[in-house]
Structures are given as structure tokens and as C-alpha cells.
Amino acid sequence: MKKKFLALLMASVMMLGLAACGGTDNAEKDADAASAELPKVGVLIYKYDDTYISTVRNALTKALDGKAVIEMQDGKNDQATQNDQLDVMIEKGVDVLCVNMVDAKAASGVVEKASAAGIPTIFFNREPDSDTIKTYDKACFIGTNAADAGKMQGDIIKEIFDEHPEYDLNGDGKIQYTMFQGEPDNPEAIARTKYSVDQAVANGLQMEQVGETQVCNWDTETAQKAMEAILAANEGKVELVIANNDGMAIGCIAALSNIGYNTGAEGAPFVPVIGVDATDAAKDAISKGQMSATVLQDGEAMGNAIAAVALNAAAGADFLEGTEYAFDDTGIAVRIPYAPYKG
């Protein structure tokens with residue numbers, strides 16, 4: 001009798017185990033089926049370790065959670081790598097492409113391949129030529145107006161020197177500045193570089209550049225080394241640092257701090273430093289009195305916009321249908337506004 005009981009018990013345990021396995025298998029099948037019904041969104045990022053772009057992709061991922069299957073790739077700042085990733089995305093049959101170009105001038109190749117495959121394409125952050133985008137009726141751009149960031153920097157410069165005339169170290173009525181540019185051919189970097197100074201001049205300031213424009217590819221360490229060289233040759237002569245992004249601004253602050261400037265300590269010598277992006281590092285530097293200001297480029301707002309437009313495109317709807325967004329006068333671009341940030 002005891003043996004019979006044990007046999008029945010073992011059989012029951014085995015059946016329960018099989019049922020549990022079957023339940024697990026069914027749950028996995030249900031999850032796979034649910035994923036199969038979601039649209040596939042292919043996302044190509046120029047490089048993951050860009051601080052601002054990390055904010056955009058995190059917001060995009062969060063906004064698409066549970067609404068789409070995301071295929072995301074790191075281009076590692078290499079256009080050839082991104083081209084290969086594009087081919088893989090197309091082979092996988094994604095429903096929409098979201099492309100943050102390594103090289104905006106290479107966008108025609110993306111348009112050609114996406115158009116041939118009939119995949120709607122959303123370029124973001126790094127803006128290709130509008131004529132290139134317009135060659136494909138299922139392509140658009142989501143980003144900012146780069147000139148606006150430069151103009152806001154120019155307005156901030158005016159405010160800073162009106163409030164602190166003592167920053168004109170030699171009292172000559174001119175602002176001796178250094179310029180740190182993102183990339184040599186990047187339209188956004190070029191616009192920020194130009195309009196920051198143009199706007200300061202339009203505001204009645206006299207601007208005089210110290211040394212050549214330092215092209216530092218948005219990189220903190222590269223900017224720090226460049227700033228160290230400038231200070232070695234011009235210490236006490238630099239009255240302002242203008243950077244196309246906060247990463248380079250932080251590098252400049254590190255170089256200044258190494259020689260006792262911009263430490264945040266009371267009475268320490270200070271050179272105004274202005275960036276773009278309003279990263280956490282920049283906000284922290286501003287709060288500590290090491291940096292003057294930045295311009296907010298809202299990565300979360302951009303990520304949310306890309307997600308909304310991508311879901312429409314994947315569903316076969318018009319890009320902006322049912323959204324809060326509108327195209328600018330180009331008819332193909334959505335602009336996310338900048339805002340000044342002084343802490």
C-alpha cells in the first residue's frame with residue numbers, strides 16, 4: 001500500500017512538472033506572439049557614448065516600451081559601420097528606420113536604400129540636406145534649429161558681460177574669446193560657431209578671437225588638451241570660452257581648474273564658459289560656480305517626438321497624424337526648441 005502511494009505521488013509530481021513546463025512554454029509563446037504583432041523600429045545611432053544622444057535614445061526606448069520591438073545599433077562614429085548596420089536592418093524587415101547619421105552628407109545612400117525597400121525613414125539630430133530628404137516622400141527630419149542655439153549663446157554672452165564688466169580683464173572694451181567647435185563639416189557645429197559670435201556682435205559687443213577655432217569633435221578630453229595649450233600661450237588673455245556642446249565646455253573647465261581658475265572657490269579667478277545641451281555635468285558645474293551657462297537641448301522631448309512619429313510611420317499613417325507636432329516651412333522637418341539655462 002505504501003509503495004502504491006509513493007508511486008502515485010511521484011506520478012503527480014511529474015505531471016505537475018510537465019504542466020509547469022507547458023505553462024512556461026505557453027507563456028513564452030504568448031510573449032513571442034505579442035512581440036510578433038508589434039511594429040519593428042530600427043534605430044541607428046552615430047555613437048552611443050555621446051552624452052546628449054544617450055539622453056535621446058533612453059527617452060526613445062522608454063517611449064516605445066511595450067509599443068514596438070526596437071532594433072538599435074551603435075555606429076561607433078564610423079559611417080561604413082553604420083552603412084552595414086543599415087543593410088542588416090533592411091534585411092530584418094523593420095517597419096520604420098530612425099537614423100542619427102554619422103555623416104549627414106552620406107544620407108543620400110540611406111534614402112536610396114530605404115526608398116527601394118519602401119521603409120519610412122526618420123532622420124534625427126544630425127540634419128541632412130533638405131533636398132536629399134525631399135527625394136523620398138516617406139522621409140522626414142526631427143531635430144533643432146542649430147542657429148537658435150548659437151543665437152541664445154550670443155544673448156547669454158551679452159547678459160553675462162552686462163552683469164560682470166570685470167570679466168573684461170584688460171579693460172579694452174572687447175571680449176577676447178576662444179571657440180570650441182564640434183566637427184569641421186557638421187552643419188550644426190558650423191551654425192553654433194557662427195551665430196554665437198554674430199549674435200553677440202548684434203547685441204553691441206566687440207568680439208576678438210584668441211587663436212584659431214579649436215575643432216574637438218564634441219569630445220571632452222580633446223577640448224581639455226586644446227584649452228591647456230591655449231592657456232599655456234595666452235594665460236590671462238582669455239576672457240570667454242564658447243563651446244558647441246557641454247562636453248567640450250567641461251573639458252575647458254578642467255583645463256582652467258588645473259591652473260586655479262573656475263574652481264568654484266570664493267575669490268578664485270573666473271573665465272565665463274558657455275556650452276550647449278544642459279547635460280547633468282554642465283548643470284552641476286553651473287551650480288558649483290565653475291561654468292556660467294548652457295543652452296538646453298531637450299533630449300527627452302526629441303526622443304518622445306521620434307517615438308510618436310515612428311509609430312505613425314510603422315502603422316502606415318502620416319508622420320504627424322494625431323500628434324502635437326508640425327513641420328516647419330521646409331515641409332519635412334520638426335523642430336524641438338532650445339532654451340537658455342543659467343541654473
Side-chain angles (χ1 to χ4, degrees), residues 51-52 54-55 149-182 192 196-197 199-200 203 205 207-211 214 216 218-299 338-343:
T51 303
Y52 171 71
S54 294
T55 304
K151 290 176 181 178
M152 286 186 185
Q153 284 185 314
D155 290 338
I156 290 170
I157 293 167
K158 171 65 172 174
E159 292 173 9
I160 288 172
F161 280 85
D162 279 353
E163 293 171 6
H164 297 278
E166 71 274 15
Y167 289 163
D168 179 5
L169 300 177
N170 59 12
D172 67 351
K174 300 177 183 178
I175 300 172
Q176 279 76 37
Y177 72 95
T178 59
M179 177 66 70
F180 288 78
Q181 182 168 318
R192 291 179 186 180
S196 57
V197 177
Q199 185 71 9
N203 285 332
L205 300 176
M207 305 291 287
E208 183 175 87
Q209 188 164 355
V210 176
Q214 305 297 307
C216 297
W218 313 106
D219 184 67
T220 300
E221 185 176 346
T222 304
Q224 179 176 344
K225 291 178 180 177
M227 187 65 185
E228 287 170 351
I230 289 172
L231 291 171
N234 301 281
E235 184 179 347
K237 299 178 182 178
V238 177
E239 299 173 341
L240 170 69
V241 177
I242 308 171
N244 284 176
N245 79 333
D246 287 339
M248 294 186 294
I250 294 298
C252 293
I253 290 168
L256 285 162
S257 297
N258 286 341
I259 60 169
Y261 286 72
N262 294 51
T263 62
E266 186 175 353
F270 183 81
V271 173
V273 179
I274 304 170
V276 177
D277 285 340
T279 63
D280 289 341
K283 291 177 181 178
D284 184 56
I286 291 169
S287 70
K288 292 177 178 177
Q290 298 172 310
M291 182 173 174
S292 293
T294 183
V295 175
L296 172 65
Q297 184 173 208
D298 196 335
Y338 288 105
Y341 182 93
K342 297 176 70 176

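Here the structure is a predicted model, which means the values were calculated and not measured.
Thr263 is linked by a side-chain contact (heavy atoms from CB on, under 4.5 Å) to Ala265, Ala268, counting only residues two or more places apart in sequence or in another chain. With sequence neighbours left out, Ala339 forms a side-chain contact (heavy atoms from CB on, under 4.5 Å) with Leu296. Asn234 is linked by a side-chain contact (heavy atoms from CB on, under 4.5 Å) to Val210, Ile230, Lys237, Val238, counting only residues two or more places apart in sequence or in another chain. Residues forming a side-chain hydrogen bond (donor to acceptor under 3.5 Å, both in side chains) with Tyr177 (at least two apart in sequence, or on another chain): Gln209.
Looking at Asp284, its side chain never comes within 3.5 Å of a backbone N or O of Asp280 through a donor-acceptor pair. Between the side chain of Asn170 and the backbone N or O of Asp172, at least one donor-acceptor pair lies under 3.5 Å. With hydrogens and angles disregarded, no donor-acceptor distance shorter than 3.5 Å links the side chain of Gln214 to the backbone of Thr222. Judged by distance alone, with hydrogens and angles left aside, the side-chain atoms of Gln153 form a donor-acceptor pair with the main-chain N or O of Gly275 at under 3.5 Å.
Proximity of Lys342 to Ile286: side-chain heavy atoms (C-beta onward) are nowhere separated by under 4.5 Å. Residues Met207 and Ile242 form a side-chain contact, since some pair of their non-hydrogen atoms from C-beta on lies under 4.5 Å apart. The closest side-chain heavy-atom distance from Ile274 to Ile157 is below 4.5 Å. Residues Tyr52 and Val276 form no side-chain contact, since every pair of their non-hydrogen atoms from C-beta on lies 4.5 Å or further apart.
By the neighbour-count criterion of 12 heavy atoms within 6.0 Å, atom NZ of Lys158 is densely surrounded, having more than that number from other residues, nucleotides or ligands. Within 6.0 Å of the CD atom in Glu159, the count of heavy atoms belonging to other residues, nucleotides or ligands exceeds 12. The number of heavy-atom neighbours closer than 6.0 Å to NZ of Lys174, taken from other residues, nucleotides and ligands shown, is 12 or below.
Counting all heavy atoms, side chain and backbone alike, Phe180 lies closest to Ala223 at CE2-O, 3.7 Å. Pairing each heavy atom of Arg192 with each of Tyr338, the nearest pair is NH2-OH, 3.1 Å. When every heavy atom of Asp168 is checked against every heavy atom of Gly173, the shortest pair comes out as OD2-N, 2.8 Å.
The aromatic rings of Phe161 and Tyr167 sit perpendicular, their planes meeting at an angle over 60°, well past the 30° parallel limit.
If you take CD1 on Ile175 and CG on Leu205, they are separated by 4.5 Å, rounding to the nearest 0.5 Å. Summarising the geometry, atom CG belonging to Asp155 is positioned 11.0 Å from atom CD1 belonging to Ile160; distances are rounded to the nearest 0.5 Å. The CD atom of Gln297 lies 11.0 Å from the OG1 atom of Thr279; values are rounded to the nearest 0.5 Å.
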Show every donor-acceptor pair shorter than 3.5 Å between a side-chain atom in residues 247-261 and any protein atom, with sequence neighbours excluded, or say none if there are none.
residue: Ser257; atom: OG; partner: Ile253; partner atom: O; Å: 2.9
residue: Ser257; atom: OG; partner: Asn262; partner atom: O; Å: 3.3
residue: Asn258; atom: ND2; partner: Ala254; partner atom: O; Å: 3.3

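Applying the side-chain hydrogen bond (donor to acceptor under 3.5 Å, both in side chains) definition to pairs two or more places apart or across chains, those involving residues 239-249 are Thr193-Asn244, Asp246-Thr294.
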